Amino acid sequence: KRVTWDARGERKRVEASQRIFSNDMPAPLDASLGSEAILIVSIPRSGSTLVEQILASHPLVEGANEIKDMTEVVDAETARRKSAFPDWVPDATAEDWQRLGREYMARTARWRKSKPRFTDKSLVSWYLVGAALTMMPATRAVIIRRDPVETCLACFRQLFSERSGFACDIEEMADYCIDFLKLTRFWREKYPDRVLDLQYESLTSDPEPEIRRLLDFCGLPFDAACLDFHKTARTVQSAPSAAQVRQPMRRDTARSALYGDKLDAVRQRLRDAGV
């Protein structure tokens, strides 16, 4: 009752992002900028911590957990321009995008002290993929999708902070999932060489080929440690997932069938939206 969520505003931002980023962006001044970064993009309870743990098990990759540098760089530019994101995007020059990319890389330098690559896992920056790839043309983004009904249920069951107000109402959660799936589908179509579509269920049911595909996309040589990700000792800050990534791959996380017809309205909402 205390938490509110602006679902209409979120939908408006998603639609604006698709419309504005459908246009050509300025050609990059440095095509190699951002090659060290691997963005992990998802909504909560979709497997992002698992994917980060797999990548962080590679000897060349540092797992940074959830960091806010990307949103803070874009938010600072939004404040400087006194214009909402993404409305200012058409006015940004190649020099502007390079400046933002360099700022992001400077802010994240602490994650490259011992290893050359790092992961940036954020559950709120999926709408920034277009900006991130324009800022840093050599960056790769991994978009993780889970069955949308399972995603909605898992988020609804979880108590998040108040900034995740979308998860407090099952229908608003469905709308948030719809927005995510539609916009990330757009990112995949616009940047097919720089965005990887990773299905959570495919990863858990047949890990090795999916992990090999993930590493190949990131330009990393295969390393068997990524298959034994649960043996990697590192801090995991996502409390709900910390225990799971200490275990071998789990295939028993689906719960929606236990709720019978109580999720039918969510299924219909998702079906009507074409996701």
Side-chain angles (χ1 to χ4, degrees), residues 1-18 39-52 65-72 74-75 78 84-86 120-129 143-187 199-201 204 236-245 250 252-275:
K1 292 180 179 178
R2 187 176 71 249
V3 175
T4 59
W5 175 253
D6 183 10
R8 182 177 296 181
E10 184 73 12
R11 176 79 32 101
K12 183 178 179 181
R13 181 171 65 174
V14 166
E15 292 172 348
S17 294
Q18 287 186 260
L39 306 182
I40 299 176
V41 179
S42 77
I43 51 179
R45 313 305 296 140
S46 299
S48 61
T49 304
L50 170 62
V51 172
E52 182 183 54
N65 279 293
E66 292 183 30
I67 56 178
K68 301 177 181 179
D69 298 278
M70 182 61 66
T71 54
E72 289 176 353
V74 173
D75 287 349
T78 296
F85 179 87
D120 178 338
K121 178 171 77 79
S122 175
L123 302 180
V124 297
S125 65
W126 48 271
Y127 66 95
L128 295 177
V129 170
I143 294 175
I144 307 162
R145 295 182 298 119
R146 185 184 181 188
D147 176 274
V149 178
E150 294 293 342
T151 301
C152 290
L153 175 61
C155 287
F156 186 60
R157 294 177 71 251
Q158 183 68 45
L159 178 62
F160 295 107
S161 65
E162 290 191 14
R163 68 188 179 96
S164 300
F166 56 83
C168 294
D169 179 282
I170 192 68
E171 292 187 357
E172 287 187 345
M173 181 63 232
D175 288 342
Y176 187 79
C177 191
I178 289 165
D179 288 340
F180 168 83
L181 291 170
K182 285 186 173 181
L183 186 57
T184 52
R185 180 187 297 164
F186 170 75
W187 298 138
Q199 182 74 31
Y200 172 77
E201 287 80 7
T204 56
V236 177
Q237 295 177 352
S238 177
S241 306
Q244 292 181 7
V245 297
R250 292 182 56 181
D252 60 348
T253 58
R255 285 193 172 97
S256 62
L258 302 174
Y259 291 80
D261 60 3
K262 292 180 174 60
L263 292 171
D264 283 353
V266 171
R267 292 187 180 92
Q268 190 61 49
R269 202 177 189 94
L270 294 164
R271 192 177 298 117
D272 290 346
V275 299

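These numbers come from the heavy atoms of this one structure, side chains and all, not from hydrogens, waters or symmetry mates. Worth saying up front: this structure is predicted, and the values here are computed from it rather than measured.
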Q.
Evaluate V14 against F186 for side-chain contact (heavy atoms from CB on, under 4.5 Å), listing each step before the verdict.
A. CA-CA 10 Å; V14 166; F186 170 75; over 6 Å; no

For [X], which residues count as a side-chain contact (heavy atoms from CB on, under 4.5 Å) partner, sequence neighbours excluded?
{"X": "K68", "result": "T71, E72"}
{"X": "D147", "result": "V149, E150, E201"}
{"X": "F156", "result": "I170"}
{"X": "A7", "result": "W5"}

Salt bridge (charged side-chain N to carboxylate O under 4.0 Å, His left out) involving [X] - partner list, sequence neighbours excluded:
{"X": "E15", "value": "none"}
{"X": "R146", "value": "none"}
{"X": "E172", "value": "none"}
{"X": "D179", "value": "R11"}

Could you grab the distance from atom [atom1] of [X] to atom [atom2] of [Y], nearest 0.5 Å is fine?
{"X": "L39", "Y": "D120", "atom1": "CG", "atom2": "CG", "value": "5.5 Å"}
{"X": "T151", "Y": "L181", "atom1": "OG1", "atom2": "CG", "value": "7.5 Å"}
{"X": "C177", "Y": "R145", "atom1": "SG", "atom2": "CZ", "value": "10.0 Å"}
{"X": "M173", "Y": "C168", "atom1": "CE", "atom2": "SG", "value": "10.5 Å"}
{"X": "L123", "Y": "I43", "atom1": "CG", "atom2": "CD1", "value": "9.0 Å"}
{"X": "L128", "Y": "S122", "atom1": "CG", "atom2": "OG", "value": "8.0 Å"}

Work out which heavy atom in [X] is nearest to a heavy atom in [Y]; give both atom names and the distance.
{"X": "T78", "Y": "A84", "result": "CG2-CA, 4.0 Å"}
{"X": "A174", "Y": "C152", "result": "CA-SG, 3.6 Å"}
{"X": "F160", "Y": "C155", "result": "CE1-O, 3.4 Å"}

Q) Using the benzene-type ring in the case of Trp, are the ring centres of Y127 and W187 under 6.0 Å apart? A)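 Between Y127 and W187, the centre distance exceeds or equals 6.0 Å.
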
Would you check if [X] and [Y] make a side-chain contact, meaning some heavy-atom pair closer than 4.5 Å?
{"X": "M70", "Y": "D75", "result": "no"}
{"X": "V41", "Y": "I144", "result": "no"}
{"X": "F180", "Y": "I143", "result": "yes"}
{"X": "P44", "Y": "F166", "result": "yes"}
{"X": "V275", "Y": "R185", "result": "yes"}

Q) Where the side chain of S17 meets the backbone of R13, is there a donor-acceptor pair that is under 3.5 Å apart? A)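 Between the backbone of R13 and the side chain of S17 there is a qualifying donor-acceptor contact (under 3.5 Å).
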
Q. Is there a donor-acceptor pair under 3.5 Å between the side chain of E52 and the backbone N or O of K121?
A.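 Between the backbone of K121 and the side chain of E52 there is no qualifying donor-acceptor contact (under 3.5 Å).
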
Q.
Under the criterion side-chain contact (heavy atoms from CB on, under 4.5 Å), I'd like the reasoning laid out for R157 against R255: C-alpha separation, chi angles, the key distance, then a yes or no.
A. CA-CA 11 Å; R157 294 177 71 251; R255 285 193 172 97; 3.3 Å; yes

Q. Quick one: side chain to side chain donor-acceptor pair (under 3.5 Å) partners of T204, sequence neighbours excluded?
A.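 So T204 forms no side chain to side chain donor-acceptor pair (under 3.5 Å) with any residue.
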
Q.
Going by side chain to side chain donor-acceptor pair (under 3.5 Å), name the residues that satisfy it together with Q18, two or more places apart in sequence or in a different chain.
A.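 Q18 satisfies side chain to side chain donor-acceptor pair (under 3.5 Å) with no residue once adjacent residues are dropped.
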
Q) Crowded around L258 CG? As in, over 12 foreign heavy atoms under 6.0 Å? A)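 Atom CG in L258 is packed in, count exceeds 12.
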
Q. If you look only at pairs with a residue in residues 263-274, which of them pass as a salt bridge (charged side-chain N to carboxylate O under 4.0 Å, His left out), with sequence neighbours excluded?
A.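 Checked against salt bridge (charged side-chain N to carboxylate O under 4.0 Å, His left out) - neighbours excluded - the pairs reaching residues 263-274 are E171-R269, D175-R269, D264-R267.
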
